[in-house]
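All of these numbers come straight from a predicted model, not from anything done at the bench.
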Amino acid sequence: MKKIIIIGAGGNSKVIIDIILSRIELGEKIQIMGILDDDENKKSLTDYPVLGPVSRISTFRENKEIYFVNGVGDNHTRKRIYETYSIEQYYTAVHPSAIIGSRVTIEQGCVIMAGVIINAGCSIGKQALINTGAIIEHDNRIGAFAHVASGAVTAGNVTVGECSMLGTGTKVIQGISIGSCVMIGAGAVVIGDIRDNATAVGVPVRIIK
Ligand SMILES: CC(C)(COP(=O)(O)OP(=O)(O)OC[C@H]1O[C@@H](n2cnc3c(N)ncnc32)[C@H](O)[C@@H]1OP(=O)(O)O)[C@@H](O)C(=O)NCCC(=O)NCCS
């Protein structure tokens, strides 16, 4: 039986709890042990206790039954926690309603939410978050710690760099390359490549930072 500890007691983790409960309903042998969060005012999240601050990872990670999921929504914080604690066992949370095509690789610790479609030949880097109803077309390469927010759509052969975020409802046309640490605003339409560290908004997208 895998025991799962979720890092972060925010809204994103609530949705991850629902993913895990859906998988338990399907018969997967996993259970939720609790949450870690640095806010000592947070005692529980839905029905699960906050077990202590994030630094308690160190006391749990030697237990081979325990797997972690990082529920922190901010890409850079997720990456920092990943780099600070050498966790070997991350659970990859995929909602049962997600449709995952052939020859898709999803690295450890990703979260794939309800209604997502990831089509053939894609690779999804570690700890990436693919949010509710996003559509990732064929042969995309989504970098580690990236976040494709709810309802975003990327056409075929798109590359999204490490730690980048596509805001809610973003559309990206085929073959585009989006750099690392990029922020694309909600509702944007991306029709050209985007450099590292840019913030871009609008239809079609324009770089504002
Ligand atoms: C892009 C974004 C990060 C910009 O935030 P910011 O750096 O604080 O920028 P500001 O709010 O100061 O806005 C700067 C300018 O961009 C415009 N702008 C901001 N977001 C925009 C968007 N999504 N679409 C179009 N224009 C936008 C603002 O109107 C403003 O224009 P102005 O200079 O002409 O007044 C933010 O607005 C956004 O869209 N975030 C995505 C949120 C999201 O999808 N979350 C999903 C969670 S699951």
Side-chain angles (χ1 to χ4, degrees), residues 11-12 15-16 19 69-83 90-209:
N12 201 45
V15 187
I16 292 172
I19 294 176
V69 187
N70 196 334
V72 174
D74 179 73
N75 296 343
H76 299 280
T77 308
R78 253 191 346 275
K79 183 179 179 188
R80 183 176 50 73
I81 292 170
Y82 179 86
E83 289 175 344
Y90 276 104
Y91 178 73
T92 303
V94 181
H95 193 280
S97 68
I99 297 172
I100 312 291
S102 58
R103 292 169 292 108
V104 169
T105 57
I106 297 175
E107 287 188 28
Q108 235 195 11
C110 286
V111 173
I112 314 291
M113 291 189 167
V116 163
I117 300 176
I118 302 176
N119 271 341
C122 289
S123 62
I124 313 294
K126 63 179 176 253
Q127 308 251 330
L129 167 56
I130 313 298
N131 222 318
T132 312
I135 298 176
I136 314 274
E137 260 304 336
H138 64 88
D139 300 307
N140 276 217
R141 289 168 300 284
I142 307 295
F145 312 103
H147 178 184
V148 179
S150 307
V153 179
T154 63
N157 291 300
V158 166
T159 300
V160 176
E162 185 170 304
C163 279
S164 288
M165 171 162 177
L166 307 187
T168 302
T170 297
K171 306 271 190 292
V172 185
I173 68 165
Q174 72 281 357
I176 294 295
S177 183
I178 293 173
S180 301
C181 304
V182 166
M183 165 64 79
I184 305 290
V189 175
V190 184
I191 58 170
D193 291 352
I194 307 285
R195 63 162 167 79
D196 293 348
N197 302 306
T199 299
V201 300
V203 181
V205 86
R206 66 190 160 87
I207 292 179
I208 57 167
K209 281 177 202 161

task = Grab the two heavy atoms, one from R141 and one from T159, that are nearest each other, plus how far apart they are.
result = NH2-OG1, 2.8 Å
note = In short, V104 meets G121 closest at the heavy-atom pair CG2-N, 4.0 Å
ask   = Going by the side-chain hydrogen bond (donor to acceptor under 3.5 Å, both in side chains) test, which pairs reach into residues 97-117, not counting sequence neighbours?
value = H95-S97
With F145 via ring-ring contact (aromatic ring centres under 6.0 Å, His included) - residues at least two apart = Y82
ask   = Would you say the side chain of S180 lies within less than 4.5 Å of the side chain of C163, judging by non-hydrogen atoms?
value = no
ask   = Which pairs, with at least one residue in residues 159-183 and sequence neighbours excluded, count as a salt bridge (charged side-chain N to carboxylate O under 4.0 Å, His left out)?
value = K79-E162
ask   = Within a strict 4.5 Å, meaning less than it, do heavy atoms of the M113 and S150 side chains meet?
value = no
request  = Would you name the heavy atoms of A200 and V205 that are closest together and state the gap between them?
outcome  = CB-CG2, 3.4 Å
query = Does some side-chain heavy atom of T170 sit less than 4.5 Å from a side-chain heavy atom of V190?
reply = yes
request  = State, to 0.1 Å, how close G71 and I16 come at their nearest heavy-atom pair, and which atoms those are.
outcome  = CA-CD1, 3.5 Å
task = Show your reasoning for whether side-chain contact (heavy atoms from CB on, under 4.5 Å) applies to I81 and Q127.
result = CA-CA 11 Å; I81 292 170; Q127 308 251 330; over 6 Å; no
query = Do you know which two heavy atoms are closest between A146 and V160, and how far apart they sit?
reply = CB-CG1, 4.3 Å
task = Could you pull out the closest heavy-atom pair between A134 and A149, with the gap in Å?
result = CB-O, 3.9 Å
ask   = Considering the options D196, I142, L166, which one meets the side-chain contact (heavy atoms from CB on, under 4.5 Å) requirement together with I178?
value = L166
ask   = Among V69, I124, I130, which one satisfies side-chain contact (heavy atoms from CB on, under 4.5 Å) with C110?
value = I124
inquiry  = When you measure from the side chain of R78 to the backbone of V72, do you find a donor-acceptor pair of N or O atoms at a distance under 3.5 Å?
reply    = yes
ask   = Under 3.5 Å, is there a donor-acceptor pair between the side chain of S164 and the main chain of V182?
value = yes
remark   = The single option from I136, I184, N131 that satisfies side-chain contact (heavy atoms from CB on, under 4.5 Å) with V148 is I136
request  = Starting at CG of N140, measure out to CD1 of I176 and round the result to the nearest 0.5 Å.
outcome  = 11.5 Å
request  = Check N119, N157, T154 against E137 for a side chain to side chain donor-acceptor pair (under 3.5 Å) and give me the one that passes.
outcome  = N119
request  = Would you confirm whether T168, through its side chain, and G151, through its main-chain N or O, come within 3.5 Å as a donor-acceptor pair?
outcome  = no
ask   = How far does OG of S177 sit from CG of D193, to the nearest 0.5 angstrom?
value = 5.0 Å
